[in-house]
Amino acid sequence: MEINFPFSTSRQNPSLMLPTPPTFTKMASMAFPVVQSPRNSTPIFSSNKEQTQNWNALKFVRGKKLLKDLSTWGIGGPCNYFVQVFHQTHLLSAIRYCREFSIPYVVIGKGSNCLFDDLGFDGCVLLNQIDFLERMEPGVYRAGSGFRFNHLGSLSCNEGFTGLEFAAGIPGTVGGATYMNAGANGQETANVIESVDIVTTEGNFRTLNRIDLTFGYRSSSFQDMDNLAAIVAATFRLERSGSAKKRQQELLKRRRATQPVNERSAGSVFRNPVNLGVSAAELIDKAGLKGCSIGGAMVSNIHANFLVNNGASTSQDMLNLIALVKDKVDSKFGVQLEEEVLYFHPYWNYANWER
């Protein structure tokens with residue numbers, strides 16, 4: 001999981017979506033509750049129309065890359081442009097390319113918090129492969145934003161440091177965990193962040209110290225940062241502990257017993273309600289929705305806050321199931337669940353049209 005862009009909170013009417021291409025350059029995302037993707041269109045690019053473009057040592061693939069291959073949900077059509085970046089200079093070059101040619105873009109990591117549309121994405125997807133790791137001093141790690149967060153959690157505990165025990169069960173990247181302030185079992189990413197390196201939409205690199213940043217439950221300053229292009233790296237400061245590895249093993253054992261780890265999911269779909277003393281999973285379960293399905297999308301029988309792709313789910317199936325769960329929980333308990341996952345509208349300018 002790595003989603004490096006500000007949230008969109010637009011609530012546009014789907015009937016306003018006209019079939020014209022986007023003309024802006026920015027990160028593309030769509031916050032819920034939109035539940036209707038444009039069905040009167042064909043995929044943005046047919047998979048048999050592959051083209052490549054080389055620019056500043058980067059290879060941009062046109063129309064071939066399927067977003068379902070970049071998402072843990074396994075849902076999504078082709079993107080117009082696709083490029084992999086392995087270094088911060090590659091990242092900056094890719095962003096400059098998109099800006100120069102007015103191409104909307106999004107930076108992703110493991111895609112574990114993403115719902116892509118079956119029509120694809122009419123823009124550029126930058127796959128973050130910046131996966132270096134530096135040990136600055138004992139217990140202090142600086143990791144590239146594309147470094148696997150679960151790997152960082154495992155190795156830090158193996159080396160005798162506490163603070164990231166929970167991370168071993170998070171199938172995302174350092175950048176995504178930082179952006180979303182990932183957490184579980186009483187721990188969260190913000191607790192151990194020392195600094196974060198970013199690149200802005202103007203092409204400038206900046207280092208933000210912990211005191212400069214604000215974090216909340218599954219939220220961070222980055223989500224409201226208008227000039228954020230991407231998170232490049234993060235530095236974590238951990239404390240020594242002789243019991244970190246044992247606790248992590250216990251958490252992983254519990255995770256395997258209580259989550260559908262062998263099914264295609266995006267992790268927890270809904271944020272836990274604040275100050276209610278009840279989790280989203282409990283509310284969904286008590287609403288009788290475990291096992292409920294629409295098309296190929298189903299509420300997991302193991303963990304009610306996991307919506308799984310049974311192998312044939314479309315993006316519309318998943319959108320409709322999310323809407324159904326929200327409606328049932330609201331009707332039964334008067335609680336409005338909020339999504340933790342992000343839906344990518346195929347046409348960015350409509351997804352962000354109020355902005």
Side-chain angles (χ1 to χ4, degrees), residues 1-3 71-74 109-115 141 143 147-193 215 217-218 236 238-239 241-273 277-286 289-291 297-311 313 318 322 325 337-342:
M1 170 187 68
E2 180 181 351
I3 322 292
S71 165
T72 58
W73 245 332
K110 297 301 180 184
S112 59
N113 218 33
C114 309
L115 176 57
Y141 302 86
F147 193 84
R148 287 184 296 143
F149 196 53
N150 53 7
H151 186 42
L152 178 61
S154 295
L155 69 85
S156 62
C157 286
N158 287 340
E159 293 176 1
F161 296 98
T162 182
L164 288 174
E165 288 91 329
F166 77 98
I170 305 294
T173 60
V174 164
T178 302
Y179 181 88
M180 295 296 295
N181 189 22
N185 305 112
Q187 294 181 318
E188 59 183 18
T189 309
N191 293 342
V192 291
I193 280 183
F215 292 91
Y217 174 67
R218 302 301 176 268
F236 303 87
L238 310 181
E239 299 294 330
S241 170
S243 60
K245 185 174 180 179
K246 180 180 178 182
R247 180 167 187 254
Q248 185 173 79
Q249 291 172 338
E250 293 171 350
L251 293 177
L252 286 173
K253 182 178 179 180
R254 184 193 309 170
R255 177 176 180 267
R256 287 190 288 267
T258 60
Q259 295 180 12
V261 294
N262 296 319
E263 298 182 84
R264 304 210 69 163
S265 77
S268 294
V269 172
F270 301 99
R271 303 166 188 260
N272 288 324
V278 62
S279 69
E282 291 175 282
L283 292 171
I284 298 168
D285 189 6
K286 290 177 180 178
L289 292 172
K290 271 189 174 180
M298 185 183 80
V299 178
S300 171
N301 283 307
I302 300 174
H303 192 302
N305 200 11
F306 282 62
L307 307 190
V308 299
N309 175 5
N310 280 337
S313 176
M318 199 61 72
I322 289 170
V325 169
L337 294 178
E338 297 181 4
E339 293 75 11
E340 187 172 322
V341 296
L342 302 171

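Residue indices begin at 1 and follow the sequence shown.
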Report the C-alpha separation of Asn185 and Arg254 in whole Å, then their side-chain angles, then the decisive distance to 0.1 Å, and conclude whether the side chain to side chain contact (heavy atoms under 4.5 Å, CB included) test is met. CA-CA 11 Å; Asn185 305 112; Arg254 184 193 309 170; 3.0 Å; yes
What residues, two or more places apart in sequence or in another chain, satisfy side chain to side chain contact (heavy atoms under 4.5 Å, CB included) together with Ser265? Phe306, Val308
Is the backbone N or O of Ser154 less than 3.5 Å from a side-chain atom of Asn158, with the two atoms forming a donor-acceptor pair by type? yes
Close side-chain approach of Leu337 and Ile284, heavy atoms under 4.5 Å: yes
What's the verdict on side chain to side chain contact (heavy atoms under 4.5 Å, CB included) for Ile322 and Glu339, showing C-alpha distance, side-chain angles and the deciding distance? CA-CA 9 Å; Ile322 289 170; Glu339 293 75 11; 3.6 Å; yes
How long is the gap from CG on Asn305 to CG on Asn272, to the nearest 0.5 Å? 6.5 Å
Under 3.5 Å donor-acceptor, Trp73 side chain and Gly111 backbone: no
Gln248 backbone acceptor or donor facing Glu165 side chain under 3.5 Å: no
Taking the side chain as everything from C-beta on, heavy atoms only, tell me whether Leu283 gets closer than 4.5 Å to Val278. yes
Tell me whether the count of non-hydrogen atoms from other residues, nucleotides or ligands lying under 6.0 Å of CD in Glu239 goes above 12. no
State whether a side-chain donor-acceptor pair under 3.5 Å links Tyr217 with Glu340. no
Answer yes or no: is there a donor N or O on one side and an acceptor on the other, between the side chain of Ser156 and the main chain of Gly153, under 3.5 Å? yes
With a 4.5 Å limit on heavy-atom distance, are the side chains of Arg218 and Asn181 in contact? no
How about Phe147 and Tyr141: are their ring centres within less than 6.0 Å of each other? no
Shortest non-hydrogen contact from Ala266 toward Asn113: O-OD1, 3.8 Å
Kindly indicate whether the side chain of Glu263, heavy atoms from C-beta on, has any atom under 4.5 Å from the side chain of Asn310. yes
Straight-line distance of Thr173 OG1 to Leu152 CG, nearest 0.5 Å: 11.0 Å
Between Glu282 and Ser279, does any side-chain donor sit less than 3.5 Å from a side-chain acceptor? yes
Minimum-distance pair of heavy atoms, taken over all atoms of Ser313 and Asn309: N-OD1, 2.9 Å
Let me see the working for Lys110 and Arg148 under side chain to side chain contact (heavy atoms under 4.5 Å, CB included), right down to the final yes or no. CA-CA 8 Å; Lys110 297 301 180 184; Arg148 287 184 296 143; 3.6 Å; yes
Working to the nearest 0.5 angstrom, can you tell me the gap between Gln249 CD and Cys157 SG? 9.0 Å
For the residue pair Pro273 and Ala280, what are the closest heavy atoms and their distance? CD-N, 3.7 Å
Would a 4.5 Å heavy-atom cut-off, applied to side chains only, mark Leu342 and Leu115 as touching? no
Does the pair Phe161 and Phe236 meet the rule for a ring-ring contact (aromatic ring centres under 6.0 Å, His included), with working shown? CA-CA 11 Å; Phe161 296 98; Phe236 303 87; over 10 Å; no
Do Ser268 side-chain atoms and Phe270 backbone N/O form a donor-acceptor pair below 3.5 Å? no
What pair of heavy atoms forms the shortest contact from Met298 to Gly291, and how long is it? CG-O, 3.6 Å
Let me see the working for Phe166 and Thr189 under side chain to side chain contact (heavy atoms under 4.5 Å, CB included), right down to the final yes or no. CA-CA 9 Å; Phe166 77 98; Thr189 309; 3.8 Å; yes
Side chains of Thr162 and Gln187, heavy atoms from C-beta outward: is any pair under 4.5 Å? yes
Can you find a heavy atom in the side chain of Asn150 that is under 4.5 Å from one in the side chain of Ile170? no
I'd like to check Gln259 versus Arg256 (side-chain heavy atoms, cut-off strictly below 4.5 Å). Are they in contact? no
Measure the spacing between OG1 of Thr258 and NE2 of His303 and express it to the nearest 0.5 Å. 6.0 Å
